[in-house]
Amino acid sequence: MELTPARLPRWILVLAAVGGLFVVLPLVAMALRVDWVHFVPLVTSESARAALLLSLRTSISATMLCVVFGVPMALVLARTSFRGQRILRSLVLLPLVLPPVVGGIALLYTFGRRGLLGGTLEALGVDIAFSTTAVVLSQAFVALPFLVLSLEGALRTVGTRYEAVGATLGATRWTVLRRITLPLVLPALISGAVLSFARALGEFGATLTFAGSLQGTTRTLPLEIYLQRETDPDAAVALSLILVVVAIAVVGAAHRVRPLGSLAPARPVAPALRRAVDTH
Amino acid sequence: MELTPARLPRWILVLAAVGGLFVVLPLVAMALRVDWVHFVPLVTSESARAALLLSLRTSISATMLCVVFGVPMALVLARTSFRGQRILRSLVLLPLVLPPVVGGIALLYTFGRRGLLGGTLEALGVDIAFSTTAVVLSQAFVALPFLVLSLEGALRTVGTRYEAVGATLGATRWTVLRRITLPLVLPALISGAVLSFARALGEFGATLTFAGSLQGTTRTLPLEIYLQRETDPDAAVALSLILVVVAIAVVGAAHRVRPLGSLAPARPVAPALRRAVDTH
Amino acid sequence: GADETAGSADTTAHSGGGSITVFAAASLKEPFTALADQFEDAHPGTDLTLNFAGSSDLATQLVEGAPADVLASADESTMERVRGADLLDGEPVTFATNILQLAVPPDNTAGIASLADAARPGVKTVVCAAQVPCGAAAARLQEAADVDLAPVSEESSVTDVLGKISSGEADAGLVYVTDVRAAGETVLGIAVPEAADVVNTYPVAALAGSQDPGTARDFVDFVVGDDGRAVLEAAGFGAP
Amino acid sequence: MGLTFAAQLAERDVDVRFEVATGETLAVLGPNGAGKSTVLSLLAGLLAPTSGRADLEGSVLFDVGASRRTLTEPRERGISLLAQEALLFPHLSALENVAFGPRSRGVPRTAARATALGWLERVGVAELVHRRPHQLSGGQAQRVALARALAVEPSLLLLDEPLAALDVSITPTMRLLLREVLQGRTAVIVTHDPLDAFLLADRVLVLEGGRIVESGATAEVLTRPVTAFGARLAGLNLVQGRRTRTGFAGGNGIEVPLADRLPEGTALVLAVRPAAISVSLSSHPGADAAVVRAEIDDVEHRGDLVRIHAAGLAADVAPADAVALGLVPGIAVDLRIRHGDATVYPTRREQQDSGRSTAGSGR
Amino acid sequence: MGLTFAAQLAERDVDVRFEVATGETLAVLGPNGAGKSTVLSLLAGLLAPTSGRADLEGSVLFDVGASRRTLTEPRERGISLLAQEALLFPHLSALENVAFGPRSRGVPRTAARATALGWLERVGVAELVHRRPHQLSGGQAQRVALARALAVEPSLLLLDEPLAALDVSITPTMRLLLREVLQGRTAVIVTHDPLDAFLLADRVLVLEGGRIVESGATAEVLTRPVTAFGARLAGLNLVQGRRTRTGFAGGNGIEVPLADRLPEGTALVLAVRPAAISVSLSSHPGADAAVVRAEIDDVEHRGDLVRIHAAGLAADVAPADAVALGLVPGIAVDLRIRHGDATVYPTRREQQDSGRSTAGSGR
Ligand SMILES: Nc1ncnc2c1ncn2[C@@H]1O[C@H](COP(=O)(O)OP(=O)(O)OP(=O)(O)O)[C@@H](O)[C@H]1O
Ligand SMILES: Nc1ncnc2c1ncn2[C@@H]1O[C@H](COP(=O)(O)OP(=O)(O)OP(=O)(O)O)[C@@H](O)[C@H]1O
Ligand SMILES: [Mg+2]
Ligand SMILES: [Mg+2]
């Protein structure tokens, strides 16, 4: 059994506990204010259910978009060097720093009917704004930096030594990527995807501005919460608890995936394989 | 000169370019809409300047809070194991998934006059509501997960082997932490801090709900932008560009720090040192 | 565009039941949800979709080309922006009014009874920022009542003001009558006499880009008509 | 006093027990995967045993059993470990790597650096002080790691293959350095090179499959090995056999008369150096020599001699003779061992069973 | 055809040029930091040279100069490299690590696994197929890495210290395996063990400070070394000297008559085995021997013999004699070398200068 080599200084534990309380206490305070009698009817109301389903659907799609485009972006940032790379990396961070509402406006300026690509999209018969697609785009826009940045860091940490070994063994770029690079950073990829999913799930400002708030089409749970708050702040808090629970479930599930299977017991060689060798 | 061992498959580059455009185009669209004639007076107006200064001040304070409490939290999550650790890690993620407005409500429920700690704080003579402190707390609340999660990942990737070596060389827990663990994860720490700073800088919903909005005290740049938007969306977009520029500057500066100094040329032994050896 | 309006005009003739999208200010959520149900009942086969957001958000969306048929805004300046962009089909009609009230926490710990009390030093008063309609109204009210509030916060929406009061964080705030009513027991409303002079009006209009101008105009008429009046009055809105 | 060690680690199937007297150096030898590094990790505190106890100079290193679990922290053990992988701190220069130990033990910065520089000079890489580990060659890194382990002056020094990766021009110097450093210091060193054991260690322990199979004074184990591995280490041919009425009878047919009084059937081994076996196409057994006839399995050319493998024995012949006799795999030859060149002794079962050696007395 | 290599790498001060014929094995030896691993990295395509060109069987590996910059990608070079660090893929089992190469070259999964299993069996770790790298001991990991490098059957095989970290019981087997594998294959192997060079390589290259200092057929370099490093490799004493009128005069005073016709002043070296030097407290120079008188610098006990260091020479004496003569550091002794045991030859300057050897002819 491997030891924890150097346990942590005690005051580190104290600081961590304070930090933990800072995050946990507000959640406790929220839970304490929930009116549990009205909780069940509220969260099972048709609008709440529709919003939750929409939220899950769009967040999952947005996370997939983030993976599809974010992994290549992280690879390019970590594995190539070109003029302007530094600036590009900063730009990728920006959706993080833009107030979401402004992000939504920027998306409207780009994909809206009068936006930069509006003409092109209209010619193609695509109408994005105020559709579920717009929700997914807003969520992907704000969630992309999380995936890119956490993956890029992991790629740099892992380094290129194993990739180099793979190349000398005759692997193509694609094989190196598929069988070495990505498996090595899988933990970071998963946690980046979880971060993205969480951010997409909580996304509100950009969606409201870019996609509007139409029940069943674009009104995700955070928008539903926002509207509830107009009339009944406590109901809004109760609805938020659902978000919290969903997030905990997803994060918990993601951490259950043991990508390296490092602790799997050694299996004996499969009989078929043995035979293949014997007849060799 | 070390080679890039396996360059990337071409279609990866294509996907990365699409992803990059997805982030960059909205920014371009924003920049195109700016009415540059009115830009300078707008961004140098007193309210804009006050908001920018307040934003910088509070975001830096919030980032410092995140480092002070987030580093211990990441250490505890990565280097110890205890019952409920999994749940704690999920909980730390939650400020990310909560719509910021709800996060603000939760903070009110905790630190507000009638909140969980309200009585205690009042007894201590501390009044957080409507103060700059409240802004910093809101920003720290939403920014903390970034630092904790990116640092925890790096700590796990680095592993404990070097720490173990340090311990066998006689280093105390604190020495191991200071001279081995933290230097090894310094790049991740810096990028985590940058992420936190960016998130704090863009924070809007929680601040609005928890701290209010008063020029010079609690009205940060995102709040100013939000208000501007009520009367003049284009002005809001112009103000957002300032946020974007500030963020690019900070991120650029952070990436300029080469923590490992890995490319520093070998220096000759200092003469003083040589002498110390000779008289030994 | 204008020719689009012309083209869609004849679709009205044979539209027994169309489907329209109504953009409404977030503060109208309750009455408009009820109104939409009633309208759908009254016009079988009609399908109404509601989009709620802040008035200025709605304006931005419309200016950027959002497809909608009716706009109900919480203030006139927003409607003006949309009209300026040449997006209205006809003139806006005022369908409701609203006035400010002083809101305090239910226990009223600061002992607020009048607007002057809210201006006392040590009393934490919150109002809307001047940029938003309720803030403009609050400024006018202070002028009318000759009171100079020193707010601890100038919020960006009524909801934010209300949130500060219902949570007990602030001692008093200026919000609309309807908001006090909607908030139920979480806040206490105190009428301000001078508020009657500072009336906020809510305009509604059919939009030029509508796919179903007939139904859109029908709905506007419905809101302005007796059925609409009843629902809005129940929510605390005044008559135009 | 000194070191007493007894530990089991179930998941690696290791069960080892030994003692090292104060000032004594113990060499641990054995095949790959025998558990050598595991033993060092247990001592250094990087692994916790399933059960067992170890004491160093009277203080407990660990004591783990059904009801108790004492594990002293690594830094409080007073043990310094040179692990099999160099594991130099990647963010510190060579100098700072070596100065790390002294500084951790409270030596002021300047003094620690001076000490470090001294050690780097002794391992011959003084010119690399300001390089980072990734700028060092494999052997240079190994030398810096050695300097780092030596710089802390611990009560117990653990060295895992300290001379691996070093080139021939430096190994003699390093051996001399180690010999000096180990003088009067309690140490355990893992090595694959019997010469290291000869030159550096007072006693030797041979591990196989997580168990001790041989142990004793270095000269004893390396001149009278009882296991095949020990014989390989010593560069000897080893023939397992039994006491017959007349003497020794080996598994491969060798018979040697003996004058001792051991009971018939006693398990014996015969050791003989490859150079002492003469190879001929045919020969007559004389009174003073044993002859085994066998086919040649393999012929190895080793520069200035040729090594013949046959009947489980290795015999060295001069290249000229090999050519003259036409020695190639497959032909039958006589291997002749003069009785005087063969050493026959019991397999010392008792020692293997206890796995415990008597404490030595320092060099 | 075969391999031609000429490259400079300014930042590591390496400038090397050599050729290897198809089917030939070249051993690269040299001190730590000499640039051995650097040369292999340049060949494998993990480093780009500052300038230079290399071709393998007619296709360019790299060609870098002022105006041109061709760098073939590693995977297209047909070269397999066993690096100094094992670098097993941490997320793959031992079997998958070894199967990686064949699979990358298009072999179907089952066949690749079968090949991998075969190689793992040959390096003696077949029972560890499903272990992950972190569950392997140092030597086990090294063996898996060796299997991985061998499993790809490349046009050029590069092995960096393939037998390091292996235990004595397996190294002979591994050497035999390598000898078999290298049969008829173009290969470059880096080693610190002259026996590897003897047994595996046709030719030897000695690097020092990034330059070739010796090269030639293995037997030639290892029996007639001209550099101190070469002598250490060969286990020989080397004395630098010059041709005088009568013969050889060494730096340490040794004089040996010569019958050759070399011009006076020619730089010569004398090589003599430590066992061929006899040590006595005093002796009279005879006609057939040279004698040097010197103080003993050091006495090394090496198990069955004692090595005396004096006058820059090492001499081996029997332990009994060492005790009888009272050989301890500081006393003066006569070192006696029979003329017949000493080999004297020129330092072959021309070869060092060109750093280029003629292409061999395969084994
Ligand atoms: N982390 C691990 N988990 C499980 N088994 C391990 C682990 N590390 C090593 N082992 C196994 O434990 C046994 C002992 O390993 P150890 O490293 O002590 O061997 P060693 O004697 O040092 O060998 P080498 O000469 O190759 O360094 C080996 O069979 C090895 O496969
Ligand atoms: N990444 C690097 N950056 C700069 N210099 C380096 C780097 N790696 C190695 N060197 C230096 O280059 C020289 C050659 O190193 P190389 O690794 O080729 O030596 P080597 O002959 O393989 O030695 P060893 O026997 O120790 O493995 C050394 O002086 C080394 O310090
Ligand atoms: Mg080991
Ligand atoms: Mg090397």
Side-chain angles (χ1 to χ4, degrees), chain A residues 5-9 12 15-16 18-19 23-26 29-30 33 69 72-73 75-76 79 86 90-94 96-99 101-102 105-107 109-110 115-116 150 153 157 160 163-164 167 173-174 176 188 191 198-199 201-202 204 222 225 237 240 243-244 247-248 251-252 255, chain B residues 5-9 12 15-16 18-20 23-26 29-30 33 69 72-73 75-76 79 86 90-94 96-99 102 105-107 109-110 115-116 150 153 157 160 163-164 167 173-174 176 188 191 198-199 201-202 204 222 225 237 240 243-244 247-248 251-252 255:
Chain A
R7 272 165 289 155
L8 299 168
I12 289 283
L15 282 179
V18 173
V23 172
V24 171
L25 268 187
M30 253 174 72
R33 291 291 182 103
F69 294 103
M73 288 169 77
L75 282 167
V76 167
R79 288 290 185 268
R86 194 93 138 286
S90 307
L91 287 177
V92 170
L93 251 180
L94 290 186
L96 208 65
V97 75
L98 280 185
V101 173
V102 176
I105 295 180
L107 285 173
Y109 284 178
T110 312
L116 212 54
S150 61
T157 310
T160 59
E163 295 171 8
R173 298 172 189 186
W174 168 232
V176 166
S191 73
R199 181 68 187 84
L201 197 62
F204 155 69
I225 291 171
V237 169
S240 308
L243 264 186
V244 169
I248 289 186
V251 175
H255 278 277
Chain B
R7 272 167 286 154
L8 299 167
I12 288 282
L15 283 179
V18 173
V23 173
V24 171
L25 268 188
M30 258 173 67
R33 291 289 184 107
F69 294 103
M73 287 169 79
L75 282 167
V76 166
R79 288 290 185 267
R86 195 94 137 284
S90 308
L91 286 178
V92 169
L93 251 180
L94 290 185
L96 208 65
V97 73
L98 278 185
V102 177
I105 295 180
L107 284 173
Y109 286 175
T110 312
L116 215 52
S150 61
T157 311
T160 59
E163 295 171 8
R173 298 172 188 184
W174 168 232
V176 167
S191 74
R199 181 68 188 85
L201 198 61
F204 157 69
I225 292 170
V237 168
S240 308
L243 263 187
V244 167
I248 289 186
V251 174
H255 278 277

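A note on names: the letters A, B, ... follow the listed sequences, proteins ahead of strands, and every chain is numbered from 1.
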Q: Might you point out which heavy atoms bring B:Val92 and A:Val23 nearest each other, and give the distance in Å?
A: CA-CG1, 4.0 Å
Q: For chain A, find which of B:Leu201, B:Val244, B:Thr110, B:Ile248 contributes the most heavy-atom pairs closer than 4.5 angstrom.
A: B:Thr110
Q: Give the minimum heavy-atom separation between B:Met30 and B:Ser240, together with the two atoms involved.
A: CE-CB, 3.7 Å
**Q.** Within-4.5 Å side-chain heavy-atom neighbours: B:Thr160 and B:Glu163
**A.** yes
Q) What residues form a ring pair (Phe, Tyr, Trp, His ring centres under 6.0 Å) with A:Phe69, not counting sequence neighbours? A) none
Q: Examine whether an atom of B:Leu116 lies under 4.5 Å from a heavy atom of chain A, and if so say whether it belongs to the side chain, the backbone or both; otherwise answer neither.
A: side chain
Q: For B:Met73 and A:Ala16, work out which heavy atoms get closest and say how close.
A: CG-O, 3.5 Å
Q | Value rounded to 0.5 Å, distance of CZ in A:Arg199 from CZ in B:Arg199 | A | 5.5 Å
Q. Given a strict heavy-atom distance threshold of 4.5 Å, which part of A:Leu94 is in contact with chain B: side chain, backbone, both, or neither?
A. side chain
**Q.** Residue selection (most heavy-atom pairs with chain B, distance under 4.5 Å) from A:Gly202, A:Pro26, A:Ala106, A:Ala29
**A.** A:Pro26
Q. Contact part of A:Val24 toward chain B, heavy-atom cut-off under 4.5 Å: side chain, backbone, both or neither?
A. side chain
Q) Among B:Ala198, B:Ala188, B:Ser150, B:Pro222, which residue forms the greatest number of heavy-atom pairs with chain A at distances under 4.5 Å? A) B:Ala198
(Q) Counting only non-hydrogen atoms closer than 4.5 Å, does A:Ile105 touch chain B with its backbone (N, CA, C, O), its side chain (CB onward), both, or neither? (A) side chain
**Q.** Proximity breakdown for B:Ile225 and chain A, heavy-atom pairs closer than 4.5 Å
**A.** side chain
